[in-house]
Amino acid sequence: MDQVQELSEALPLPCQPFLNVEVNQCKESTIPEYKIVKVVEDFLINMNTLHGDSCFVEFVDPFLKEHVKSITIVCDTDNFSTYGKIIDLKKVMLKYHVYQLHDGGPGYEELEDDISAADNWLLPTEDFQGLWESLLFDSDVKNQLLRYAATTLLFSDRGVDFNIISWNKVILLHGPPGTGKTSLCKALAQKLSIRLSERFNYGQLIEINSHSLFSKWFSESGKLVMKMFQKIQEFIDDKQALVCVLIDEVESLTSARKSALNGQEPSDAIRVVNAFLTQIDHIKRHPNVIILTTSNITGAIDVAFVDRADIKQYIGPPSAKAIYKIYHSCIKELVRVGYSMFLPQDKKKYS
């Protein structure tokens with residue numbers, strides 16, 4: 001296990017359990033955050049107890065009706081399990097995160113010759129709302145990644161010496177296709193933008209289109225990689241923004257240089273890998289950036305990139321238990337929206 005992952009897991013949890021209260025403020029609302037928090041506090045105090053993780057979307061209070069879309073209460077700490085399913089709100093700390101969702105979908109970053117090199121989302125976004133909660137895995141990988149990412153950003157903020165504690169702020173999720181790796185990266189970026197809203201005014205998710213960075217002109221691919229990271233640097237320069245760089249199928253950019261040296265790959269591949277590794281080493285020193293990568297073919301990735309990944313997490317096919325949970329969540333969603341609308345017309349009268 002890598003040094004920074006060990007540290008993030010070894011950091012002491014709070015003596016008193018705490019709940020994260022994520023308040024989705026209506027897009028049109030201009031009420032200051034502290035006023036939202038005060039009303040939500042009163043709302044929760046009147047409840048006294050909760051049943052596990054909870055989400056509220058309907059309110060009697062006129063203020064909440066007008067200014068709040070949802071209140072989600074989540075606990076991420078293992079030491080909270082002793083409280084069982086009934087949570088006594090008098091025995092826990094509440095940490096509030098008030099946020100407003102951006103809409104409008106992704107923007108596009110173009111390089112020369114109208115090459116679409118990346119999509120970028122302003123976070124938190126409507127596009128990823130609820131994605132984190134919908135992802136189900138056998139292990140506690142979501143909270144492990146969340147804690148790791150928060151720890152690395154904290155290290156950067158506090159100026160921890162890279163020469164003493166080595167970390168690159170790179171996450172590599174690998175495994176077979178269709179297991180939720182890319183969705184998990186997007187959900188993690190969304191969740192970080194909400195949880196770190198006190199530190200950053202907004203987030204940016206930049207999803208690099210790896211295949212577009214390979215030029216039809218020999219030796220140009222390395223230059224395109226450099227240009228792509230120059231554009232990313234422009235986002236990073238705004239220290240009020242949390243920048244998450246997502247590289248799906250990272251093996252496209254980090255194919256093993258050993259194959260190129262053996263003549264199995266063109267020498268242009270070496271330039272691409274070298275440029276990519278150089279840029280990662282450059283941007284990792286900024287306190288507001290984290291790099292999320294996925295791969296279906298880890299054996300094809302250059303070992304130098306694998307060494308730079310602080311977390312190398314395998315995401316495999318779900319177990320029977322996880323599959324049951326996934327189907328159960330699907331059925332609950334159909335019930336929520338009125339499942340009869342999905343039945344054939346001649347069967348609706350019997351539902």
Side-chain angles (χ1 to χ4, degrees), residues 1-14 17-20 22 52-53 72-83 95 97 123-124 128 130-158 160 165-176 178-196 199 203 205 242 244-248 250 284 289-296 298 301 305-319 321-322 325-326 329:
M1 185 181 293
D2 294 285
Q3 188 179 23
V4 70
Q5 187 175 2
E6 289 179 341
L7 285 170
S8 67
E9 294 179 356
L11 288 175
L13 295 170
F18 72 93
L19 292 171
N20 289 291
E22 300 174 359
D53 291 354
T72 305
I73 296 95
V74 183
C75 180
D76 303 321
T77 55
D78 296 334
N79 65 338
F80 196 70
S81 58
T82 56
Y83 282 80
K95 188 172 183 180
H97 313 276
L123 300 177
F128 303 150
L131 181 58
W132 179 266
E133 291 74 18
S134 71
L135 294 172
L136 299 171
F137 300 96
D138 293 300
S139 65
D140 195 29
V141 60
K142 292 197 298 183
N143 288 332
Q144 290 170 4
L145 292 176
L146 186 61
R147 190 169 184 184
Y148 156 79
T151 300
T152 59
L153 293 168
L154 176 63
F155 282 1
S156 294
D157 268 351
R158 298 297 175 85
V160 174
I165 300 178
S166 176
W167 81 99
N168 296 291
K169 292 190 285 188
V170 176
I171 293 174
L172 172 60
L173 304 182
H174 62 96
T179 53
K181 299 183 295 297
T182 303
S183 295
L184 179 54
C185 288
K186 292 178 178 179
L188 177 61
Q190 174 93 339
K191 185 62 69 173
L192 286 172
S193 69
I194 293 172
R195 293 290 178 85
L196 300 176
R199 166 66 178 81
L205 174 62
L242 170 64
C244 300
V245 181
L246 170 57
I247 308 169
D248 206 12
V250 71
K284 74 177 185 181
V289 64
I290 189 166
I291 301 169
L292 312 170
T293 66
T294 72
S295 176
N296 300 328
T298 49
I301 304 177
F305 174 77
V306 176
D307 288 343
R308 281 169 170 78
D310 298 323
I311 287 186
K312 297 170 275 287
Q313 178 68 49
Y314 176 75
I315 306 294
S319 66
K321 183 178 180 180
K325 290 181 179 179
I326 292 170
S329 67

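Note that the numbering runs from 1 along the sequence shown for the chain. What you see is a predicted model; the values in this text were computed from it and never measured.
Remark: Asp138 pairs with no residue by the salt bridge (charged side-chain N to carboxylate O under 4.0 Å, His left out) rule, at least two apart or across chains. Partners of Phe137 under the ring-ring contact (aromatic ring centres under 6.0 Å, His included) rule, at least two apart in sequence or in another chain, do not exist in this structure. The side-chain hydrogen bond (donor to acceptor under 3.5 Å, both in side chains) test applied to Lys142 returns no partner, not counting sequence neighbours.
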message: Test side chain to side chain donor-acceptor pair (under 3.5 Å) on Thr298 and Lys312; report intermediate values, then the result.
response: CA-CA 10 Å; Thr298 49; Lys312 297 170 275 287; over 6 Å; no
query: Hey, mind stepping through Gln144 and Gln313 against side-chain contact (heavy atoms from CB on, under 4.5 Å) and telling me if it holds?
result: CA-CA 10 Å; Gln144 290 170 4; Gln313 178 68 49; 4.1 Å; yes
task: Would you please test Asp310 and Ile171 for side-chain contact (heavy atoms from CB on, under 4.5 Å) and show each step?
output: CA-CA 6 Å; Asp310 298 323; Ile171 293 174; over 6 Å; no
- request: Give the C-alpha distance, both sets of side-chain angles, the deciding distance and a yes or no for side-chain contact (heavy atoms from CB on, under 4.5 Å) between Ile290 and Val245.
  value: CA-CA 6 Å; Ile290 189 166; Val245 181; over 6 Å; no
query: Passes side-chain contact (heavy atoms from CB on, under 4.5 Å), Val141 versus Ile315? Steps please.
result: CA-CA 9 Å; Val141 60; Ile315 306 294; 4.1 Å; yes
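Residue Glu133 holds its CD atom at 6.5 Å from CD of Glu22, rounded to the nearest 0.5 Å. Here the CD1-CZ distance, from Ile194 to Phe128, works out to 12.0 Å after rounding to the nearest 0.5 Å. Within the model, atoms OG1 of Thr294 and CG of Leu172 stand 8.0 Å from one another, a figure rounded to the nearest 0.5 Å. One finds the CG atom of Leu123 at 11.5 Å from the CG atom of Leu196 (value rounded to the nearest 0.5 Å). Asn168 CG to Phe305 CZ: the interatomic distance, rounded to the nearest 0.5 Å, is 9.5 Å. Rounded to the nearest 0.5 angstrom, Thr182 OG1 and Leu246 CG are separated by 6.5 Å.
Between Lys95 and Leu19 there is no side-chain heavy-atom pair separated by less than 4.5 Å. Using a 4.5 Å cut-off on side-chain heavy atoms (C-beta onward), Leu145 and Ile311 make contact. Considering only heavy atoms from C-beta on, Ser156 stays 4.5 Å or farther from Lys284 through its side chain. Contact check for Thr293 versus Asp248: no side-chain heavy atoms found under the 4.5 Å cut-off. When side chains are defined from C-beta on, Lys186 counts as touching Leu131, because their heavy atoms get closer than 4.5 Å. The closest side-chain heavy-atom distance from Pro318 to Leu136 is not below 4.5 Å. At a threshold of 4.5 Å between non-hydrogen side-chain atoms, the residues Pro176 and Thr179 count as touching. Side-chain contact between His174 and Asn296: absent, with no pair of heavy atoms (C-beta onward) separated by less than 4.5 Å.
In summary, the side chains of His97 and Asn20 do present a donor paired with an acceptor at a separation below 3.5 Å, with no hydrogens or angles considered. In this structure, a donor-acceptor pair under 3.5 Å is absent between the side chains of Lys181 and Ser295.
The residues Arg199 and Asp157 are annotated as salt-bridged, a charged nitrogen and a carboxylate oxygen being separated by less than 4.0 angstrom.
In terms of heavy-atom proximity, Gly316 sits nearest to Tyr314 at CA-CE2, 3.4 Å. Taking every heavy atom of both residues into account, Cys244 and Leu292 meet most closely at CB-CD1, 4.4 Å. Closest heavy-atom contact between Trp167 and Val160: CH2-O, 3.4 Å. The two residues Leu192 and Ala149 come nearest to each other via the heavy atoms CD1-CB, 3.7 Å.
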